[in-house]
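Beneath this line is the structure, given in structure tokens, with notes to follow.
Positions are given from 1 along the sequence. Excluded from the calculations below are hydrogen atoms, water molecules and symmetry mates; all remaining heavy atoms, backbone and side chain alike, are included. Indexing begins at 1, ligand by ligand and atom by atom, following the structure's order.
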Amino acid sequence: MTDLVVHDAAQVANPTDDGEMVTFRDGAVAIEDGVVTAIGSTEEVTRDHPPENATDAVDAAGRTVLPGFVDPHTHAAFAGDRADEFTAKLAGADYQDILAEGGGILRTVRATRDASRDQLVENLLAQLDVMLAHGTTTAEVKSGYGLDVETEVKMLEAIDEAAGRHPIDVVPTFMGAHAVPEDTAPEEYVDRVVEEQLPVVAKHDLAEFCDVFCEAGVFSVDQSRRVLEAGVEQGLTPKIHADEFERLGGSQLAADIGATSADHLLQSTEADITALGEANVTPVLLPGTAFSLAADYADAPAFEGADVPVAIATDFNPNCYSQSMEFTIELACNGMRMTPSSALRSATVTAANAIDRTDGLGTLREGSPGDLVVADVPDYQHLPYNFGVQNVQTVVKNGEVVHN
Ligand code: NIG
Ligand code: FE
């Protein structure tokens, strides 16, 4: 029996692997056993899958159906917030200075160490609810606010437990190398990440990816390489925070070791973009971070001009406090000058590449995951055009209505 039929959509807009946006009017999608079994005109689809015989049906009249959004870069598990730092930054304080003085990431580390595992689970579940309401159906979530083996494991266990209790598919990333703990020499801390943290994370299968903050004043290219190579040895796939404030060489490292993604890339040059493209590393641009730091955006047109498709992500964290992929898509257009169709592709198909998903995640076709959003807009262009409001109304995960 059909689990769900979504019918009479004003438009179905479907970004595909080859960069095309396929759209049609009066569209419908049928989902069975969690995967898409039919997509096409309402007439065709409902002939084989009558809504009255399905477990559930959504009348999408006047609304647009899109694949569920994939958010491939978040730090959504943490305790506390940094609203006062937001105010200080607006008055001129600098992100890197705040970190160097023991605030920023290190402040969230103190709050996260003090929190119980259950508190972290409850916090993350609340954040996932907001993400879902804005259309995210798959999200990567990083550790990295522990910086010691106990707290990194506590975070990853909390991520795992929240994932099991929430409709969003959560992809866990170990990021012990997110900052250097206070009163510790960087090299000594890298030893701990490699010798203490990684083996425990790998042994208990707590993460799929390993990430590192390759940045001036945080981890050098050599230190980042050490962490990521040790991760590969333990079965974790590399990702990297690269070229955000300074062009240290993180993109080149990502290309060299075959990382799945390189993220931020505000300072990346043409040579970096070419290297990422040739090595098949998915660039992940984070317009919310640039927006909240009032920094220049990553040069999305340069990536597109070089024929290197980018993913976009929220980077949701206490410094970039937005859970919304809708807003990220709006910023990709209004800030980074991407077209609505390329921004939506970046939030779906290419975002799935950034987390190594090859099962059709991020696109709607026969056999792909039954994850979709129904937005209260007449066509996909209206989603970023009508910014700052909640356009997403109904969210479907594996053929089940999980938000309405
Ligand atoms: O991707 N740049 C490093 N990590 C995060 C920020 C984390 C934080 O400030 O708490 C990022 O922007
Ligand atoms: Fe990040």
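Residues V377 and Y385 have side chains not in contact (no heavy-atom distance under 4.5 Å, counting atoms from C-beta outward). C210 is listed as a side-chain neighbour of V227, based on a closest heavy-atom distance under 4.5 Å. In this structure, R345 and M21 have side chains that are not in contact, with every pair of non-hydrogen atoms separated by 4.5 Å or more. Side-chain contact check for L236 versus V201: some heavy-atom pair is nearer than 4.5 Å.
The ligand atoms of ligand 1 that sit less than 4.0 angstrom from a heavy atom of Y95 are 6 (C), 7 (C), 8 (C), 9 (O). Taking every non-hydrogen atom of P318 and a distance limit under 4.0 Å, the qualifying atoms of ligand 1 come out as 10 (O). Applying the 4.0 Å criterion to heavy atoms of H73 picks out, from ligand 1, the atoms 1 (O). Of all atoms in ligand 1, numbered sequentially from 1 with element shown, those under 4.0 Å from a heavy atom of N319 are 9 (O). Every atom of ligand 1 with a heavy atom of D315 under 4.0 Å away is listed here by number and element: 1 (O), 11 (C), 12 (O). The atoms of ligand 1 that sit less than 4.0 Å from any heavy atom of R82 are 8 (C), 9 (O), 10 (O).
Heavy-atom neighbours of N280 CG from other residues, nucleotides or ligands within 6.0 Å: at or below the threshold of 12.
Considering backbone and side-chain atoms together, T289 places no N or O closer than 3.5 Å to any N or O of ligand 1.
The option from Y321, F213, Y145 that lies nearest to atom 7 (C) of ligand 1, judged by heavy atoms, is Y145.
Heavy atoms of E244 found under 4.0 angstrom from ligand 1 belong exclusively to the side chain. Contacts between F78 and ligand 1, counted as non-hydrogen atom pairs separated by less than 4.0 Å, are absent for every part of the residue.
The closest protein non-hydrogen atom to atom 5 (C) of ligand 1 is H75 NE2, 3.5 Å. Shortest contact from atom 4 (N) of ligand 1 to any protein heavy atom: H178 NE2, 2.8 Å.
Residues T16 and D18 bring a donor and an acceptor atom of their side chains to less than 3.5 Å of each other.
Using modelled atom types, one side-chain atom of S368 and one backbone atom of R365 make a donor-acceptor pair closer than 3.5 Å. Without hydrogens or angle criteria, S346 side chain to V310 main chain gives a donor-acceptor distance under 3.5 Å.
Residue G104 places no heavy atom under 4.0 Å from ligand 1. Within the structure, ligand 1 lacks T108 among the residues with a heavy atom less than 4.0 angstrom away.
A ring-centre distance under 6.0 Å is found for F78 and F316.
Residue H241 holds its NE2 atom at 9.0 Å from OG of S261, rounded to the nearest 0.5 Å.
Closest heavy-atom contact between A28 and H7: CB-CA, 3.9 Å.
Shortest distance from the Fe ion (ligand 2) to H75 is reached at NE2 (N/O/S atoms only).
Put simply, H264 stays out of reach of the Fe ion (ligand 2), with no N, O or S atom under 2.8 Å from it. Contact annotation: D315 places an N, O or S atom under 2.8 Å from the Fe ion (ligand 2). Put simply, H241 gets within reach of the Fe ion (ligand 2), with an N, O or S atom under 2.8 Å from it.
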